[in-house]
A.B. asks: 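The structure that follows is given in the form of structure tokens.
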Number of protein chains: 2
Amino acid sequence: MALEHLFQGSALNAVDAKGRVSVPAFLRSVIERRGDARSIVLAKHDAFPALSAYDPAYAALRHSKLERLLEKEETNPDAEVEYQRRNMMAFAATEETPYDSSGRIVLPPMMRRKGGIEDLALFLGTGETFQIWNPKLFLADARIPEDMKDIARFRLEERGLGA
Amino acid sequence: MALEHLFQGSALNAVDAKGRVSVPAFLRSVIERRGDARSIVLAKHDAFPALSAYDPAYAALRHSKLERLLEKEETNPDAEVEYQRRNMMAFAATEETPYDSSGRIVLPPMMRRKGGIEDLALFLGTGETFQIWNPKLFLADARIPEDMKDIARFRLEERGLGA
DNA sequence: AACTATGACATGAAAACCCATTGTATCCCC
DNA sequence: GGGGATACAATGGGTTTTCATGTCATAGTT
């Protein structure tokens, strides 16, 4: 799988009272070049207190890849439950949310909680997917390199929210 | 087989006194995009105390796949019996039930019992199919990852049914 | 006639949709 | 290079539509 269009760049956008956020235009353009969908898939990130996001076409691609892998070893009885677990995490634990004509999505309440998102959303392109962080949690995480935190600080300053 | 439209997301809906339940709209929309049917096929899940569900078009796809498999190994004498066994499960052990204009289906009594469904139905999209659980059984099953149970707990909380 | 099954309608809440405003970067012409 | 016009991005607000679900109506059964 060699994806042609990759997510990159960073932005800090406001979450309004209805839980809406603008998905940065430079990320939306990647989504639309990858497929023709106008929605994004959200999941809790498995390592960080943040959300992982991508387009529906990428989700389908991941799935078909996994299927092909499993056809080879379908006889193992434990493999069945393990297969179910992975599908649950890949599909039931995610939510697909469409963006409107001005590029906004509503962060579903469950995802807002799982990602610890409050009134600011930090978008980070990371290649095949992108991440959505509460900037406060980002700056507080010891695993994040200082150079990356500088970027978050810069985005905050831009908005007059510098420490 | 590369399915374009996959089931994803989760929801918790009420089962009324008559055994009717709304199929979540986001699952219905996948069913209708896969074919033009307005019904779902129900079966006991083979690994979990729950129901497995999908659209009629997917059932047909499964069937033709099984047929092709039989053709390949027709030299094996056991293959015919195995084929009959699987075919029986795929058809006799399932029920197709249409949903009405407001998206509700009646859970057939046999399926209600096989799936252990009571007055709440937890819907989980798992890609090619989706599952219907009694949330109580879901939370009690040791094979379900804790992250998934969190989702069920969140759906219960949303309804004011938190533990 | 009572019961049951099923389709139709009503309601309240939530989600999707549309339009308006602002700020910022871009372009073009002088 | 400056100044103004233009296009697009982000955001605020209001209106319409859809969803889930409760309730009723109809029709068939025993």
Side-chain angles (χ1 to χ4, degrees), chain A residues 7-33 37-42 56 95-113 117-123 125 130 132 135 154-161, chain B residues 7-33 38-40 95-112 117-125 130 132 135 154-161:
Chain A
F7 295 110
Q8 60 187 311
S10 68
L12 182 69
N13 286 346
V15 180
D16 71 16
K18 296 180 183 175
R20 293 183 298 187
V21 211
S22 284
V23 179
F26 57 85
L27 297 178
R28 263 183 292 144
S29 81
V30 174
I31 291 172
E32 284 162 33
R33 268 176 294 170
R38 304 186 142 264
S39 63
I40 72 176
V41 178
L42 297 170
E95 298 196 66
E96 180 174 349
T97 85
Y99 48 81
D100 63 22
S101 56
S102 62
R104 268 186 301 198
I105 60 167
V106 286
L107 289 174
M110 187 175 77
M111 288 300 161
R112 277 188 89 173
R113 179 187 303 187
I117 311 289
E118 296 171 3
D119 56 350
L120 287 172
L122 177 66
F123 290 81
F130 60 97
I132 308 176
F154 180 82
R155 296 295 177 202
L156 285 164
E157 272 175 41
E158 267 183 328
R159 289 187 160 257
L161 299 170
Chain B
F7 296 109
Q8 75 184 150
S10 65
L12 182 69
N13 287 347
V15 180
D16 71 16
K18 301 169 186 169
R20 290 194 291 191
V21 65
S22 284
V23 179
F26 58 85
L27 297 178
R28 254 158 37 212
S29 82
V30 174
I31 291 172
E32 284 162 32
R33 270 178 305 192
R38 304 184 143 264
S39 64
I40 72 176
E95 297 195 62
E96 180 173 348
T97 84
Y99 49 81
D100 65 21
S101 57
S102 64
R104 267 190 295 203
I105 61 168
V106 179
L107 288 174
M110 184 176 76
M111 287 299 163
R112 276 186 90 173
I117 311 290
E118 296 172 3
D119 57 349
L120 287 172
L122 177 67
F123 290 81
L124 300 176
F130 61 96
I132 308 175
F154 183 88
R155 297 295 176 204
L156 286 165
E157 269 178 47
E158 267 182 328
R159 290 186 159 257
L161 299 171

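Below, read A as the first sequence line, B as the second, and so on, with proteins coming before strands; counting in each chain starts at 1.
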A.B. asks: Only counting residues at least two apart or in another chain, list the ones meeting side-chain hydrogen bond (donor to acceptor under 3.5 Å, both in side chains) with B:D119.
C.D. replies: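 By the side-chain hydrogen bond (donor to acceptor under 3.5 Å, both in side chains) rule, B:D119 matches no residue at all.
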
A.B. asks: Could you state the atom-to-atom distance from CZ of A:R38 to C1' of C:dA16 in whole Å?
C.D. replies: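 Going from A:R38 (CZ) to C:dA16 (C1'), I get 15 Å.
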
A.B. asks: Please evaluate residues A:D16 and A:R20 with respect to the criterion side chain to side chain contact (heavy atoms under 4.5 Å, CB included), reporting the C-alpha separation (whole Å), side-chain torsions for both, the decisive distance (0.1 Å), and the verdict.
C.D. replies: CA-CA 5 Å; A:D16 71 16; A:R20 293 183 298 187; 2.9 Å; yes

A.B. asks: For B:V21 and B:I132: C-alpha separation, side-chain torsions, deciding distance, then whether side chain to side chain contact (heavy atoms under 4.5 Å, CB included) applies.
C.D. replies: CA-CA 11 Å; B:V21 65; B:I132 308 175; over 6 Å; no

A.B. asks: In whole angstrom, what separates A:Y99's OH from C:dC17's P?
C.D. replies: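 Those two atoms, OH and P, are 13 Å apart.
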
A.B. asks: Report the residues that fulfil ring pair (Phe, Tyr, Trp, His ring centres under 6.0 Å) with A:F7, sequence neighbours left out, ordered by chain and then residue number.
C.D. replies: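 Partners of A:F7 by the ring pair (Phe, Tyr, Trp, His ring centres under 6.0 Å) criterion, ordered by chain and then number, come out as A:F130.
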
A.B. asks: Rounded to whole angstroms, how far apart are CG on A:D100 and C1' on D:dG12?
C.D. replies: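 Answer to the nearest Å: 12 Å.
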
A.B. asks: Over the length of the helix from C:dA1-D:dT30 to C:dT21-D:dA10, how much do the five-pair end axes diverge, rounded to 10 degrees?
C.D. replies: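 So the angle between the two local helix axes works out to 20°.
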
A.B. asks: Near A:R28 CZ, under 6.0 Å, is it more than 12 heavy atoms from other residues, nucleotides or ligands?
C.D. replies: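 For A:R28, atom CZ is crowded (more than 12 foreign heavy atoms under 6.0 Å).
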
A.B. asks: Which residue, A:S101 or B:V106, contacts DNA chain C at a nucleotide closer to its 5' end, judged by nearest heavy atom?
C.D. replies: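 Nearest-nucleotide comparison on DNA chain C picks B:V106.
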
A.B. asks: Can we say B:R155 and A:E95 salt-bridge, meaning some charged N sits less than 4.0 Å from an Asp/Glu carboxylate O?
C.D. replies: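 Result for this pair is yes, salt bridge flagged.
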
A.B. asks: For B:R112, enumerate each residue passing the salt bridge (Lys or Arg N to Asp or Glu O under 4.0 Å) test, keeping only those at least two apart in sequence or located in another chain.
C.D. replies: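 Applying salt bridge (Lys or Arg N to Asp or Glu O under 4.0 Å) to B:R112 gives none.
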
A.B. asks: Go through the structure and list residues passing side-chain hydrogen bond (donor to acceptor under 3.5 Å, both in side chains) with A:E118, not counting sequence neighbours.
C.D. replies: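 side-chain hydrogen bond (donor to acceptor under 3.5 Å, both in side chains) check on A:E118 returns A:K136.
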
A.B. asks: Any chance you could list the contact pattern along nucleotides 18-26 of chain D? Use B for base contacts, S for sugar-phosphate-only contacts and - for none, protein heavy atoms under 4.0 Å, 5' to 3'.
C.D. replies: -SSBBBB--

A.B. asks: I need the CG-P distance between A:L107 and D:dA10, as an integer number of Å.
C.D. replies: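 Value for this atom pair: 15 Å.
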
A.B. asks: Given atom CD of A:E95 and atom P of C:dA16, what is their separation to the nearest angstrom?
C.D. replies: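 Whole-Å distance recorded here is 10 Å.
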
